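Structure first, then comments.
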Amino acid sequence: MSQVRVRFAPSPTGFLHIGGVRTALFNWLFARQQKGVFILRIEDTDQSRSTDESIQAIIEGMTWVGLDWDEGPFRQTERMELYRSHAMGLLERGQAYWCACKAEELEARRKEAEAKGLSPKYDGRCRNRNLMNPTGDAALRFKAPQEGETIVDDLIKGRILFDNQVQDDLIILRSNGYPTYNFSVVVDDALMNITHVVRGDDHLTNTPRQIPIFLALGFPVPHFGHLPMILGSDKTRLSKRHGATSIMAYKDMGYLPDAMVNYLVRLGWSHGDQELFSRQELIEKFSWKNVQTSAAVFNPDKLLWLNAEYIKTSPPSEVAQALVPLLDGAGLKEEAQAVSPDWLAQSVVLVKERAKTLVEMVDWVRPYLGQAVTYDEEAAKKFLTPAIEPALGKLLACFEAFPAFSKQQWEGAFKQVVEEEGMKMGQLAQPVRVALTGRTASPGLFEVMEVLGRDRTLLRLRQGIERASRS
RNA sequence: GUCCCCAUCGUCUAGCCUGGCCUAGGACAUUGCCCUUUCAAGGCAGUAACACGGGUUCAAAUCCCGUUGGGGACACCA
């Protein structure tokens with residue numbers, strides 16, 4: 001069999017949607033598995049809705065999730081001659097005809113038909129008029145077959161039959177000369193030698209419209225596969241009402257691209273009970289057979305869990321790298337620049353068990369940047385009291401006696417102070433925690449000290465003692 | 001209205017094709033317990049589903065038909 005060629009063909013009418021990313025992902029996985037070609041094509045034939053910013057957003061989004069393409073991005077607006085010449089070919093062969101019906105008239109007739117409970121399809125009044133389009137304002141319609149049936153052997157849903165009687169004579173060239181979607185996709189998929197057209201479920205009924213056009217044009221018909229939709233929590237089509245739908249919004253919210261990919265692929269595809277997959281595993285294990293046939297509800301909770309998993313298990317240096325833009329965004333640019341990548345990776349290790357997103361991680365990491373610490377007032381009031389001052393002073397003296405930080409030695413000293421003072425661990429730990437981090441919740445105290453280093457630990461301890469004596 | 005798709009815990013799903021191993025498995029969420037210097041993380045346990053009705057069969061979550069419910073498409077949008 002010839003080489004697999006698949007494509008992702010979004011229209012640039014807004015940001016890149018997570019549903020689009022999932023469609024792209026399935027195509028990409030298949031292409032990579034089959035050592036095929038993945039093509040990015042921008043469907044921008046709707047002049048009024050397409051924007052360059054949207055094209056940038058698509059490229060940015062695809063790049064962020066790491067879905068690289070082998071050919072393109074192609075833009076349909078750069079291929080107008082192709083569509084026109086193929087449309088004229090159909091006209092010459094009697095497989096298309098000029099239609100002089102005005103858009104408003106069609107709209108009115110459609111409404112009327114609907115009101116009567118009839119099918120809103122085109123009544124075919126120009127079908128046999130053999131118009132010439134002298135004034136140049138007619139639209140070109142495809143002469144769709146009206147008998148028999150069109151078979152779609154769907155990669156995911158299996159064989160589906162469509163009665164040709166319900167098929168419409170679609171407009172393939174608008175009166176302004178631009179092709180319509182159902183025509184330009186066919187020409188492009190054919191000319192780009194696409195072997196498998198995999199797209200959203202919402203295109204399923206377009207397929208029996210497009211197959212006759214492939215046939216009329218004399219092109220081989222590709223395989224088709226229709227992915228089930230992603231729904232919101234109320235089981236309606238996913239939209240802004242359900243929360244963020246732009247892929248880049250998830251970057252800003254502190255999600256890792258690998259977590260995003262893992263979540264999206266499991267939404268509609270499975271491999272037994274496995275939940276976590278590396279990219280390589282996905283490429284190896286992906287199969288159309290295991291793609292779900294029914295729609296799936298987008299579950300932000302599970303995505304969050306997956307992100308936490310990836311934060312915990314990804315190489316800390318990579319997480320640290322991804323964290324930098326978020327640090328910048330939180331107004332910690334200078335602080336972030338002042339530390340080494342290694343140190344940042346070390347603090348990622350310190351807090352990665354507690355942060356479910358990079359945004360949360362910024363907050364966890366904040367106390368370890370800079371010399372002094374900002375107290376949570378409530379915490380300071382509760383734990384940095386005059387009563388604790390002697391114990392803190394004693395601890396400080398012990399630590400000062402050590403020339404360098406050693407987890408084992410410092411922890412031993414800490415326990416000794418606790419014992420001598422007749423305290424419980426927590427009674428000393430919490431004040432120290434507040435002195436060191438400003439908060440009542442933090443990673444293990446001695447891990448914190450290690451990241452802080454001897455000097456800052458002692459500095460903050462002294463400041464904590466001072467605060468305790470003042471209150 | 002017409003056409004098409006779909007239907008297992010609240011959610012994502014395994015099982016369905018090739019009926020019996022299913023007193024239906026896993027994951028997220030949720031509840032309880034354990035661990036514990038705090039917060040997490042982790043460990044253990046629990047609650048929770050075959051939409052309904054008919055067939056076929058010794059046997060149906062699995063095959064067939066119908067009903068209901070959900071989704072999608074019917075543009076000079078894509």
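The shown structure was predicted, so the numbers you read here are calculated from the model rather than taken from an experiment.
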When the [atom1] atoms of [N] and [M] are considered, how many whole Å apart are they?
{"N": "B:C17", "M": "B:C64", "atom1": "P", "answer": "9 Å"}
{"N": "B:A14", "M": "B:C74", "atom1": "P", "answer": "29 Å"}
{"N": "B:A24", "M": "B:A60", "atom1": "C1'", "answer": "13 Å"}
{"N": "B:A45", "M": "B:A61", "atom1": "C1'", "answer": "27 Å"}
{"N": "B:U47", "M": "B:U30", "atom1": "C1'", "answer": "9 Å"}
{"N": "B:G10", "M": "B:U2", "atom1": "P", "answer": "33 Å"}
{"N": "B:C9", "M": "B:A49", "atom1": "P", "answer": "9 Å"}
{"N": "B:U62", "M": "B:U36", "atom1": "P", "answer": "49 Å"}

OP1 or OP2 of [N] less than 4.0 angstrom from a side-chain nitrogen or oxygen of [X], does that happen here?
{"X": "A:R237", "N": "B:A73", "value": "yes"}
{"X": "A:K415", "N": "B:U37", "value": "no"}
{"X": "A:S270", "N": "B:C12", "value": "no"}
{"X": "A:Q165", "N": "B:C3", "value": "no"}
{"X": "A:S442", "N": "B:C39", "value": "no"}
{"X": "A:K356", "N": "B:A41", "value": "yes"}
{"X": "A:T45", "N": "B:A78", "value": "yes"}

- Task: Provide the Watson-Crick or G-U wobble partner of B:A41, both distances under 3.5 Å; none if there is no partner.
- Result: none
- Message: If you assign each of A:H271 and A:L106 to its closest nucleotide in RNA chain B, which residue comes earlier from the 5' end?
- Response: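 Its nearest nucleotide lies further toward 5', so the answer is A:H271.
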Starting at atom [atom1] of [X], determine the distance to atom [atom2] of [N], rounded to an integer number of angstrom.
{"X": "A:E411", "N": "B:U38", "atom1": "CD", "atom2": "P", "value": "13 Å"}
{"X": "A:L303", "N": "B:C12", "atom1": "CG", "atom2": "P", "value": "14 Å"}
{"X": "A:M425", "N": "B:C35", "atom1": "CE", "atom2": "P", "value": "15 Å"}
{"X": "A:I151", "N": "B:C4", "atom1": "CD1", "atom2": "P", "value": "14 Å"}
{"X": "A:K352", "N": "B:A41", "atom1": "NZ", "atom2": "P", "value": "15 Å"}
{"X": "A:L173", "N": "B:C76", "atom1": "CG", "atom2": "P", "value": "13 Å"}
{"X": "A:L238", "N": "B:C12", "atom1": "CG", "atom2": "P", "value": "13 Å"}

Assess the side chains of [X] and [Y]: does a donor N or O sit below 3.5 Å from an acceptor N or O?
{"X": "A:R354", "Y": "A:S442", "answer": "no"}
{"X": "A:Q76", "Y": "A:D44", "answer": "no"}
{"X": "A:S270", "Y": "A:N290", "answer": "no"}

- Message: Measuring from atom CE of A:M253 to atom OG1 of A:T357, what distance do you get when rounded to the nearest 0.5 angstrom?
- Response: 9.0 Å
- Run the ring-centre check on A:F277 versus A:W269 and record whether the distance is less than 6.0 Å. yes
Whether the side chain of [X] and the base of [N] hold a donor-acceptor pair under 3.5 Å is what I'd like checked.
{"X": "A:Q274", "N": "B:G26", "result": "no"}
{"X": "A:R266", "N": "B:U13", "result": "no"}
{"X": "A:T180", "N": "B:C76", "result": "no"}

- Item | Closest heavy-atom pair and its distance - A:D137, A:S175 |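 Where A:D137 meets A:S175 most closely, the heavy atoms are O-CB, 3.2 Å.
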- A:N299 near the nucleic acid: base, sugar-phosphate alone, or nothing, with a heavy-atom cut-off under 4.0 Å?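 Here A:N299 touches the bases of the nucleic acid.
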